[in-house]
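Heads up: the structure comes next, in structure tokens.
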Amino acid sequence: MIVSKPVPLPTTDTAHYWQACDGEELLYQRCGDCGHVQFYPRRSCVSCHGTKMMWAPSMRRGVIHSFTIVHRPPTPSFDEDAPYVIALIDLDEGYRMMMNVVGDDRASSAIGRRVRIVFEERAHGRKIPQAMLEAAP
Amino acid sequence: MPAEALITGAADTPVGKLPEHNCLSMQALAARDAIADAGLAPSDIDGVLAGFSFTQPHLMLASVFCEYMGLKPAFTTAVQSGGATACTAVMLAAALVESGQCRRVLVVTGDNRLTGLPPGGAVALLAQVGHAEFEQPYGISVPAAYALVAHRYMHEYKVVPEDLAAIAVNQRSFAALHPHAHMRKPITIDDVMRSRPIAEPLKLLDCCLVSDGAAAVVVSAPAAADPSRHRIAILGTGQGHTHEHISAAPSLTHFGCEISAQQAFARAGAIPSDIDVAEIYDSFTITLAVELESMGFFKKGEAGPAAAAGELWLTGSLPCNTHGGLLSYGHSGAAGGMFHVVEAVHQLRGQAGPRQVEGSELAFVHGDGGILSAHCSLVLGHV
């Protein structure tokens with residue numbers, strides 16, 4: 001029996017973000033009061049605690065800040081993918097996200113490698129952002 | 001300044017596979033022994049702090065424990081800070097006693113996450129500390145999250161996996177000297193390097209154990225302590241917090257342990273070189289390396305090489321995790337951190353047998369919860 005991988009459940013803070021992902025658009029938040037850039041989406045600003053949060057579209061480019069190759073998944077739904085890559089990606093707009101590095105060349109992941117963001121479909125049509133390595137310079 | 005709170009009782013159960021026990025029966029055993037160790041009866045206890053449990057995941061575990069043991073305390077609550085729970089609860093117990101709210105606080109922890117959960121059950125449950133929307137969908141596990149820290153650390157400080165492996169070897173050597181330890185068979189650097197990859201660069205022997213076990217301490221006001229027994233004081237405490245989820249951490253190389261240690265040392269009037277023995281949270285080899293360096297015991301990148309040079313052994317500059325730590329003594333959830341507290345008390349009392357650091361006057365204990373998220377440091381010593 002194939003156990004499907006987790007599908008994120010949106011909250012009232014993140015529904016708009018996930019809806020954009022389903023349309024293959026990657027959004028982040030910018031504070032309308034102090035300009036702070038933040039991720040994950042929240043109702044208020046992490047920096048000034050104001051509530052004028054604005055959505056902004058990401059150019060979907062970034063760099064690997066760190067990564068690991070997972071050999072032992074925590075749950076059976078990832079068994080088929082093992083070993084797989086988890087990375088912390090610093091998006092060019094100045095915020096950090098966790099993603100898998102996907103693609104046939106994912107074993108070449110390295111700290112400092114540039115990536116572009118693509119979308120992977122999970123159950124119920126939900127799409128989640130993932131990273132693919134840009135060609136090495 | 002109120003007189004410092006004392007740790008007057010300390011006890012733990014054997015650690016490993018204890019199929020004859022459940023979470024509460026082990027906690028009650030450790031509690032009873034810690035209370036007796038303090039020269040007290042259960043009816044002398046007026047405060048109870050309980051850690052969390054995976055096999056008994058009750059919303060009000062402290063109340064459940066008190067009911068099981070037949071205690072009716074004046075103050076009780078559960079404490080939930082992941083791996084920092086034991087140190088945090090001891091810090092809270094000290095505050096309760098120093099404020100005059102309580103005279104004798106029992107701090108109890110324990111879990112049977114080895115025999116009480118199916119194989120892989122603890123790992124799967126622990127993976128739920130990852131953010132439900134922004135980490136879990138990517139297959140995050142606790143080892144993988146620490147591996148992200150390890151890779152960045154190795155990149156910035158030019159550390160190699162063999163340096164971290166020396167930490168695991170050091171602690172297994174200590175565990176061999178402790179009758180309760182879960183894993184006692186000696187290992188070599190080669191054994192660590194060839195052990196099964198979990199999340200690169202971390203391999204099986206870089207990772208803590210999953211064990212059944214329980215441990216408890218009694219924290220007393222000086223006026224409520226037996227004057228004929230050892231007086232081990234909680235001289236300094238501190239906490240530091242920067243994040244919960246690793247993807248939200250402001251840094252992969254600077255963590256709250258920098259603050260928690262600074263505060264604990266300042267309150268104790270001590271510096272790292274004053275410490276005779278250290279019991280520091282070691283969920284993974286990288287955890288210990290990062291903490292030792294962040295808290296001022298070694299320079300960045302140097303804890304691993306120091307371990308390889310024997311500095312963390314009995315004859316070294318900082319005997320560390322002298323019971324074997326989470327890596328070899330055992331990890332039973334909140335009790336994992338409490339085993340460090342109990343070992344520090346045994347060292348200061350001169351009760352550590354073949355693991356004894358001669359002339360131990362000052363001990364440092366540290367707990368880390370989450371992914372280097374919640375930190376709590378203690379300085380313990382004689383008064």
Side-chain angles (χ1 to χ4, degrees), chain A residues 4-11 13-15 17-18 21 38-42 46-47 64-90 95-102 107 109-112 120 122-123 126-131, chain B residues 118-158 161 195-204 206-207 210 242-253 284 286 371:
Chain A
S4 33
K5 290 194 274 195
V7 179
L9 279 179
T11 66
D13 285 348
T14 62
Y17 167 84
W18 287 116
C21 283
Q38 72 185 25
F39 192 86
Y40 48 86
R42 299 162 168 83
V46 158
S47 183
I64 294 179
H65 185 75
S66 189
F67 75 100
T68 180
I69 302 175
V70 181
H71 291 263
R72 193 188 155 174
T75 55
S77 62
F78 288 91
D79 282 351
E80 236 189 23
D81 289 2
Y84 55 92
V85 180
I86 296 179
L88 288 174
I89 306 294
D90 284 343
Y95 65 96
R96 182 173 294 167
M97 291 181 67
M98 179 178 290
M99 292 178 212
N100 298 122
V101 178
V102 299
S109 295
I111 290 175
E120 173 191 304
R122 292 272 164 101
R126 166 108 303 134
K127 291 187 183 163
I128 68 170
Q130 296 286 27
Chain B
V123 171
L125 277 171
L126 284 163
Q128 288 172 20
V129 306
H131 196 291
E133 291 174 80
F134 300 109
E135 295 183 342
Q136 287 183 39
Y138 299 107
I140 193 64
S141 64
V142 173
Y146 276 90
L148 290 169
V149 173
H151 248 159
R152 186 73 204 185
Y153 166 84
M154 289 162 65
H155 173 82
E156 295 210 16
Y157 304 115
K158 312 290 174 256
S195 63
R196 188 180 149 201
I198 301 296
E200 293 179 30
L202 300 177
K203 299 162 284 300
L204 185 64
D206 286 300
C207 303
V210 174
T242 55
H243 65 282
E244 170 56 33
H245 302 102
I246 197 59
S247 58
S251 167
L252 291 191
T253 50
F284 302 90
I286 182 65
I371 317 300

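Quick note on labels: first sequence line is chain A, next is B, and so on, each numbered from 1. Just so you know, these numbers come straight off a predicted model, no measurement behind them.
Interface with chain A: from residues 149-158 of chain B, residues B:His151, B:Arg152, B:His155 qualify, criterion being any non-hydrogen pair under 4.5 Å.
With contacts defined as side-chain heavy-atom distances shorter than 4.5 Å, the pair A:Val7/B:Pro137 does not qualify. Inter-residue side-chain proximity for B:Tyr138 and A:Pro129 is flagged as met; some heavy-atom pair is nearer than 4.5 Å. B:Glu133 has its side chain out of reach of A:Tyr17: every pair of non-hydrogen atoms, C-beta onward, lies at least 4.5 Å apart. Here the side chains of B:His131 and A:Tyr40 are in contact, with some heavy-atom distance below 4.5 Å.
Contacts between A:Phe67 and chain B at a heavy-atom distance below 4.5 Å involve backbone atoms as well as side-chain atoms. In this structure, chain B has heavy atoms under 4.5 Å from both the backbone and the side chain of A:Ile86. With a threshold of 4.5 angstrom between heavy atoms, B:Leu126 does not approach chain A through any atom at all. Of the atoms belonging to B:Gln136, it is backbone heavy atoms, and not side-chain ones, that fall under 4.5 Å from chain A. Proximity to chain A involves both the backbone and the side chain of B:Ile246, based on heavy atoms less than 4.5 angstrom apart. If you measure heavy-atom distances from A:Phe39 to chain B, the contacts under 4.5 Å come from the side chain alone. Neither the backbone nor the side chain of A:Ser77 has a heavy atom closer than 4.5 Å to any heavy atom of chain B.
For the atom pair CE of A:Met99 and CD of B:Glu135, the computed distance is 12.5 Å after rounding to the nearest 0.5 Å. In this structure, the separation between OG on B:Ser247 and NE2 on A:His65 is 12.0 Å, given to the nearest 0.5 Å.
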